[in-house]
Engineer: 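Provided herewith is a single structure, encoded as structure tokens, for subsequent inquiry.
Numbering of residues begins at 1 and proceeds along the displayed sequence. Just so you know, ligand 1 is whichever comes first in the structure, and atom 1 is the first atom listed for that ligand. All values below come from the heavy atoms of this structure, side chains included, with hydrogens, waters and symmetry mates left out. Computed from a predicted structure; not experimentally measured.
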Amino acid sequence: MEGLKNKIAIVTGASRGIGKSICLALAQHGANIVAAATNEELLQKTCTEVSAFGVQSLAVKCDVSQSAEADKLIDAAVQKFQRVDILVNNAGITRDTILPRMKEDQWDAVMNVNLKGTFNCMKACSRHMMRQQYGRIINISSVIGISGNAGQANYAASKAGVIALTKSAAKEFGSRNITVNSVAPGFIVTDMTAGLSEDMKNKMLAQIPLQRLGEGKDIANAVLFLASSLADYMTGQVLVVDGGMVM
Ligand code: NAD
């Protein structure tokens with residue numbers, strides 16, 4: 001993929017699932033990786049696998065919902081690599097339940113990680129990217145942020161918020177050669193979706209024209225494109241990667 005060699009990429013939620021797939025894909029195309037998540041042990045594993053591609057990596061334990069920790073993450077990346085080219089805001093959680101039963105802490109937890117965490121990392125990165133006059137920010141939303149979903153009011157609102165945040169930042173940063181785009185995955189097989197029943201998975205499958213559930217690498221491929229120079233003239237967009245589920 002064009003334009004990724006020797007770039008510095010920060011990926012949040014990099015300890016497993018989609019985030020780990022994104023790290024490996026970017027590393028395979030020559031980017032150095034700063035992997036962030038709350039689980040330090042698994043992060044080290046991501047970095048070990050990244051190293052196999054001959055690039056450098058750094059693991060940073062970080063709770064993105066805390067602005068001070070997001071600041072420290074970006075500082076650590078800049079201290080090691082002197083710059084930040086690519087930021088992938090992938091860290092995300094679910095706390096599903098129907099709206100009347102949803103507790104305030106379930107609402108707050110999802111908003112704080114998915115939406116505020118994305119804001120925290122973008123804000124911390126922005127001054128470096130503005131100084132460099134270069135940046136590629138990719139925010140992982142969800143098709144649920146477009147369609148809504150019963151039992152996921154908090155998650156849907158947070159992911160719709162990520163799309164609005166993406167578009168606003170794209171308008172603010174365009175003049176500095178910083179693009180901001182979003183990827184909206186459909187149903188991807190990871191630990192996040194592992195708890196769903198077979199019945200639920202089959203119902204999902206019936207709605208997917210391409211007749212398979214997604215994999216981490218399906219999302220990583222979209223991120224690769226948006227981070228590469230092939231997408232230099234794209235900003236403020238939402239790339240839906242869902243096998244055709246929501247259209
Ligand atoms: P996952 O649960 O397997 O991984 C989530 C990652 O986020 C982990 O590395 C975890 O450590 C990290 N994380 C959680 N809270 C954090 C915090 N406060 N600070 C830093 N890191 C934190 O999930 P996944 O399925 O790989 O999902 C990755 C992203 O893709 C999420 O934003 C999710 O909402 C989105 N997404 C997933 C699907 C799907 O079907 N799996 C669909 C649409 C969107």
Side-chain angles (χ1 to χ4, degrees), residues 10-25 33-47 49 59-74 76 87-96 105 108-121 124 138-149 152 154-163 165-166 182-196 200-201 204-205 207-208 212-220 222-223 238-243 245-246:
I10 299 178
V11 181
T12 70
S15 64
R16 65 184 200 184
I18 293 170
K20 186 173 178 179
S21 296
I22 293 169
C23 289
L24 295 174
I33 304 295
V34 179
T38 41
N39 185 323
E40 206 166 14
E41 210 174 299
L42 285 178
L43 265 183
Q44 290 298 347
K45 212 164 162 272
T46 298
C47 286
E49 290 181 41
V60 182
K61 186 176 185 299
C62 168
D63 176 354
V64 294
S65 69
Q66 305 294 319
S67 63
E69 292 196 27
D71 289 347
K72 275 193 198 151
L73 162 65
I74 309 305
L87 169 66
V88 185
N89 285 302
N90 164 79
I93 60 168
T94 52
R95 295 287 183 272
D96 298 351
D105 65 333
D108 287 344
V110 169
M111 290 307 249
N112 285 341
V113 176
N114 298 8
L115 184 53
K116 189 175 164 200
T118 300
F119 161 74
N120 285 339
C121 293
I138 296 131
N139 298 324
I140 306 301
S141 176
S142 166
V143 288
I144 301 302
I146 298 169
S147 66
N149 197 24
Q152 290 197 302
N154 48 358
Y155 184 76
S158 74
K159 293 299 189 178
V162 166
I163 292 172
L165 179 59
T166 298
S182 180
V183 175
F187 190 106
I188 311 301
V189 179
T190 66
D191 290 311
M192 185 180 267
T193 47
L196 293 175
M200 183 62 93
K201 283 183 194 167
M204 295 273 190
L205 204 49
Q207 295 170 39
I208 301 174
R212 68 170 175 89
L213 302 178
E215 296 172 21
K217 70 172 170 16
D218 294 313
I219 306 308
V223 171
V238 184
L239 208 48
V240 175
V241 183
D242 68 346
M245 186 165 72
V246 174

Engineer: Of the listed options (Ser15, Gly186, Ser142, Gly214), which comes nearest to atom 38 (C) of ligand 1 when hydrogens are ignored and any heavy atom counts?
Structural biologist: Gly186
Engineer: Identify the protein heavy atom lying closest to atom 28 (C) of ligand 1, giving its residue, its atom name and the separation to 0.1 Å.
Structural biologist: Asn90 OD1, 3.2 Å
Engineer: With heavy-atom distances below 4.0 Å as the criterion, list the atoms of ligand 1 near Cys62.
Structural biologist: 19 (N), 20 (C)
Engineer: Surrounding NZ of Lys45 (heavy atoms of other residues, nucleotides or ligands, distance under 6.0 Å), is the total greater than 12?
Structural biologist: no
Engineer: Provide the number and element of each atom of ligand 1 under 4.0 Å from a heavy atom of Phe187.
Structural biologist: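 Every atom of ligand 1 under 4.0 Å from some heavy atom of Phe187: 40 (O).
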Engineer: So is there a nitrogen or oxygen of Arg16 less than 3.5 Å from a nitrogen or oxygen in ligand 1?
Structural biologist: yes
Engineer: Of the side chain and backbone of Ser141, name the one, both, or neither that has a heavy atom under 4.0 Å from an atom of ligand 1.
Structural biologist: backbone
Engineer: Can you tell me which portion of Ile93 lies within the under-4.0 Å heavy-atom range of ligand 1? Options are side chain, backbone, both, or neither.
Structural biologist: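 It is the side chain that touches ligand 1; the backbone stays farther off.
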Engineer: Could you tell me, atom by atom, which parts of ligand 1 come under 4.0 Å of a heavy atom of Ala14?
Structural biologist: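 In order of number, 9 (O).
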Engineer: One pair to check against side chain to side chain donor-acceptor pair (under 3.5 Å): Thr118 and Asn139. What are the steps and the verdict?
Structural biologist: CA-CA 7 Å; Thr118 300; Asn139 298 324; 5.1 Å; no
Engineer: Out of all atoms in ligand 1, which are within 4.0 Å of some heavy atom of Lys159? Include the element for each.
Structural biologist: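 Atoms satisfying the 4.0 Å criterion: 31 (C), 32 (O), 33 (C), 34 (O).
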Engineer: May I ask you to list the atoms of ligand 1 that are less than 4.0 angstrom from any heavy atom of Ala91?
Structural biologist: 7 (O), 20 (C), 21 (N), 22 (C), 32 (O)
Engineer: Between the candidates Val143, Ile140, Leu213, which shows the shortest non-hydrogen contact distance to atom 30 (O) of ligand 1?
Structural biologist: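 Looking at heavy atoms only, the winner is Ile140.
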Engineer: Test your reading of the structure: does Val113 have an N or O sitting under 3.5 Å from an N or O of ligand 1?
Structural biologist: no
Engineer: Hey, which atoms in ligand 1 end up nearer than 4.0 Å to a heavy atom of Thr193?
Structural biologist: 39 (C), 40 (O), 41 (N)
Engineer: Record the part of Thr190 in heavy-atom contact with ligand 1 below 4.0 Å; permitted values are side chain, backbone, both and neither.
Structural biologist: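 The answer is the side chain of Thr190.
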Engineer: Any nitrogen or oxygen of Ala37, main chain or side chain, under 3.5 Å from a nitrogen or oxygen of ligand 1?
Structural biologist: no
Engineer: Pick one: which of Asp63, Val113, Ile93, Leu43 meets side-chain contact (heavy atoms from CB on, under 4.5 Å) with Thr38?
Structural biologist: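 One option only clears the test, and that one is Asp63.
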Engineer: Taking only heavy atoms of Gly17 into account, list the atoms of ligand 1 that are under 4.0 Å away from them.
Structural biologist: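 With Gly17 as reference, the close atoms of ligand 1 come out as 26 (O).
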Engineer: Taking side-chain contact (heavy atoms from CB on, under 4.5 Å) as the criterion, tell me which of Val34, Asn120, Asn89 meets it with Thr12.
Structural biologist: Asn89
Engineer: Just to confirm my output: which protein heavy-atom neighbour is closest to atom 18 (N) of ligand 1, and how far is it?
Structural biologist: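 Ranked first by proximity to atom 18 (N) of ligand 1 is Asp63 OD1, 2.8 Å.
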Engineer: Could you tell me the residue and atom name of the protein heavy atom closest to atom 33 (C) of ligand 1, and the distance to it rounded to 0.1 Å?
Structural biologist: Tyr155 OH, 3.4 Å
Engineer: Roughly how far apart are Asp218 CG and Asp242 CG, rounded to 0.5 Å?
Structural biologist: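 If I round to the nearest 0.5 Å, the distance is 10.5 Å.
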Engineer: Could you say whether the N/O atoms of Asn114 and ligand 1 ever approach to under 3.5 Å?
Structural biologist: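 By distance alone, the answer is no.
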